[in-house]
Amino acid sequence: MTTQTNEFSIPAVLDAAHRQVTVGTEPMIFHCHHYNTFLQRTIQDADYIDSRGFLIGAAAEVAFNQMMHCFAEAGLNDVPARKAMAEQIYRWAGFGRIDLGPLDENGGTTSTPNSHYSMAWKLKFGSNDTAVDLFTSGWLAGALAAIYDQPLGSYQVEQTACTAKGDLESAFQLRSGEANYPVFLSVGGGRLTEHQLVTPPANNVDYDGIFSALTSMEIVGNDEGLIPAFGVYLTRHYANYYNRISFEFERKMTELFAAEGVSVAKPLLVEAGHVCAFNTFGGIMMSPEWDGLIKPTLKNDEDWVHGMTAAVNALGWGRWQIQELKKDDATFVLHDDYEGVGYEAMYGKTDHDVAYLAAGAAAGIMDLVYVGDIQNRPTLDHAFYNRLFKSADSFKVETISARSQGDATTTLRVYR
Amino acid sequence: MDTVNEIMDWVTANGDVEASSRLRMKVLPHALKENPPIMLQALQPNTKGSPEFMRTLRQLASEIVGKPVPATANQ
């Protein structure tokens, strides 16, 4: 399937059976600017580890793999056509606008006033002392290598200006030479399974209809390459980027501090899931689209949980099902959750669950419905976020099974 | 505030949801350099560190919450 709109021609492939969307074999998933910046800040808070390298390397990894496949599939051999497609994917995905024109096989400098990460960081945390768009830095290095048929890791990159610092534009300088970041090889879509569906509790939600409607919506970058929707700035981001930076972070913490490192990092990675749920799910549940498409069928609080879970299935995160649901206790069954699939493909099996985002997001749905009373349209602001997740009534998560540990599904019990 | 727990509790009460987790993240290498190491996931009510560690902890806590850690618990 090619996403064909008036402005974009993106070779996006929807695999409805696995709830996965790929572009150039890279799984693309929705996440908002709150999640993107919170996750990056969490990683950079550990300033005693060298995270800059893998934050750039992970972006180079996915951009290179995606562009190589896209160029080959489209039979693009000339540089201008390749650059045009890369610029289009960047903008379609909500990362901003980027001009690859000034770059050649030796590198060069390009700048933009519209960078998702720079804009989002300033919006969420205020100005920063250093440049923050490590994602675009790596993305450019990976894309340029693919455009000029060079191996991944053929370009050095530095961000030389950043709107989050107060500069008028974000600027990136690339030079041909040995990479100044680690080079990772993309695992693409990973190993997907045949979903053994569970029977959900009785509800009034049309899961398939919601999936179909939401995956048909045109949620793409605007003239600035941004996707303002549901009260947030969305991105159609790379699952393998999130996975690489989260798991490299976890591995570095483990190398330095053994189990204490993971136990300190985990609450923040799960909190990132709360951030995602609160802002994106909360925004969705208060949107005109929700009111028009989903809300009319909802008869009780449990339907609200089902309705949001149905919507999650359209985010590219894998298939989410509810196996049990009461007001104090729910079981979510995740088939091919992107964190579990990605971990397995990148590192193999491990001894613990790595579905951090999923844990925070599943708890966040329950918190929004049963603690935050999202049905009555609270104001989704900072103060409400703190009240909701500091509440003694807020939900906890227990892992019942984990794809990263070799189980068929990731199953999360959410309770209070 | 003389103990690690008191400062953590103050951060939890005065900071954002994630504030105490961020403090643990930032202070972890310092905690494990203490003799004996301070295990942040197993703090006791009376756990204290060296004067240097407690200074670092207070400074990081103040940065994360955006105001100085008070001298006493009820400030």
Side-chain angles (χ1 to χ4, degrees), chain A residues 34-35 37-49 51 124-126 129 249-250 252-279 356 360 363-364 367 371-372 381-392 394, chain B residues 1 3-50 52-70 73-74:
Chain A
H34 293 281
Y35 179 74
T37 51
F38 188 95
L39 180 61
Q40 182 170 324
R41 187 186 71 171
T42 291
I43 291 169
Q44 293 187 302
D45 264 352
D47 56 7
Y48 40 84
I49 65 173
S51 59
K124 189 160 179 68
F125 302 129
D129 293 339
F249 172 57
E250 185 193 64
K252 298 276 185 198
M253 293 293 286
T254 303
E255 281 169 20
L256 283 175
F257 309 118
E260 185 81 345
V262 177
S263 62
V264 166
K266 180 177 175 180
L268 283 164
L269 294 172
V270 173
E271 191 61 37
H274 287 161
V275 167
C276 167
F278 180 83
N279 292 289
Y356 302 119
D367 282 320
V371 185
D381 60 11
H382 192 70
F384 182 53
Y385 180 87
N386 278 323
R387 278 203 308 279
L388 183 58
F389 292 107
K390 279 187 177 183
S391 166
S394 66
Chain B
M1 291 190 193
T3 70
V4 176
N5 249 355
E6 283 175 335
I7 294 174
M8 288 288 180
D9 287 347
W10 178 82
V11 168
T12 300
N14 289 274
D16 291 335
V17 174
E18 71 276 11
S20 65
S21 295
R22 291 187 71 203
L23 180 56
R24 282 181 161 82
M25 174 77 78
K26 283 173 172 281
V27 83
L28 178 60
H30 305 280
L32 295 181
K33 277 186 196 153
E34 288 290 285
N35 186 17
I38 295 173
M39 307 307 286
L40 296 172
Q41 303 307 308
L43 290 176
Q44 302 301 313
N46 59 351
T47 300
K48 289 184 182 180
S50 64
E52 186 186 350
F53 173 79
M54 296 306 289
R55 261 197 306 279
T56 301
L57 182 66
R58 294 172 75 90
Q59 182 189 330
L60 291 170
S62 299
E63 286 171 10
I64 288 169
V65 174
K67 60 184 182 184
V69 177
N74 57 2

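First the proteins, then the strands, lettered A, B, ... as listed; each starts at 1. Every heavy atom of this structure was used, including side-chain atoms; hydrogens, water molecules and symmetry mates were not.
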Can a donor-acceptor pair be found, under 3.5 Å and without considering hydrogens, that links the side chain of Gln41(B) to the backbone of Glu260(A)?
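Checked: no pair found.
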So, does Asn386(A) use its side chain to make a donor-acceptor pair with the main chain of Asp16(B) at under 3.5 Å?
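Judged by distance alone, no pair lies under 3.5 Å.
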Is chain A contacted by the side chain of Ala13(B), its backbone, both, or neither, given a heavy-atom distance below 4.5 Å?
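Interface part for Ala13(B): backbone (N, CA, C, O).
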Given heavy-atom pairs under 4.5 angstrom as the criterion, report whether the side chain, backbone, both or neither of Leu32(B) touches chain A.
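For Leu32(B), side-chain heavy atoms alone lie under 4.5 Å from chain A.
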[atom1]/[X]: more than 12 non-hydrogen atoms of other groups inside 6.0 Å:
X: Lys26(B); atom1: NZ; value: yes
X: Asp129(A); atom1: CG; value: no
X: Glu63(B); atom1: CD; value: yes
X: Lys266(A); atom1: NZ; value: no

According to ring pair (Phe, Tyr, Trp, His ring centres under 6.0 Å), does anything in residues 252-276 of chain A pair up with another residue at least two apart or in another chain? List the pairs.
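Only Tyr48(A)-Phe257(A), His274(A)-Phe389(A) qualify under ring pair (Phe, Tyr, Trp, His ring centres under 6.0 Å).
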Can you say whether Arg387(A) sits under 4.5 Å from chain B via the side chain, the backbone, both, or neither, judging by heavy atoms?
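Neither the backbone nor the side chain of Arg387(A) comes within 4.5 Å of chain B.
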Which portion of Phe38(A) sits near chain B, non-hydrogen atoms under 4.5 angstrom:
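For Phe38(A), the contact with chain B is made by the side chain alone.
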So which atom in Lys390(A) and which in Thr12(B) form the shortest heavy-atom distance, rounded to 0.1 Å?
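Distance-wise, the nearest heavy atoms are NZ-O, 2.8 Å.
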Looking only at non-hydrogen atoms, find the nearest pair between Met25(B) and Thr42(A) and report the distance.
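Nearest heavy atoms, Met25(B) then Thr42(A): CE-O, 4.2 Å.
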Set out, in order, the CA-CA distance, both residues' side-chain angles and the distance that settles side chain to side chain contact (heavy atoms under 4.5 Å, CB included) for Val275(A) and Glu18(B), then state yes or no.
CA-CA 10 Å; Val275(A) 167; Glu18(B) 71 276 11; 6.0 Å; no
Interatomic distance, Leu28(B) atom CG to Ile49(A) atom CD1 [nearest 0.5 angstrom]:
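That separation rounds to 10.5 Å.
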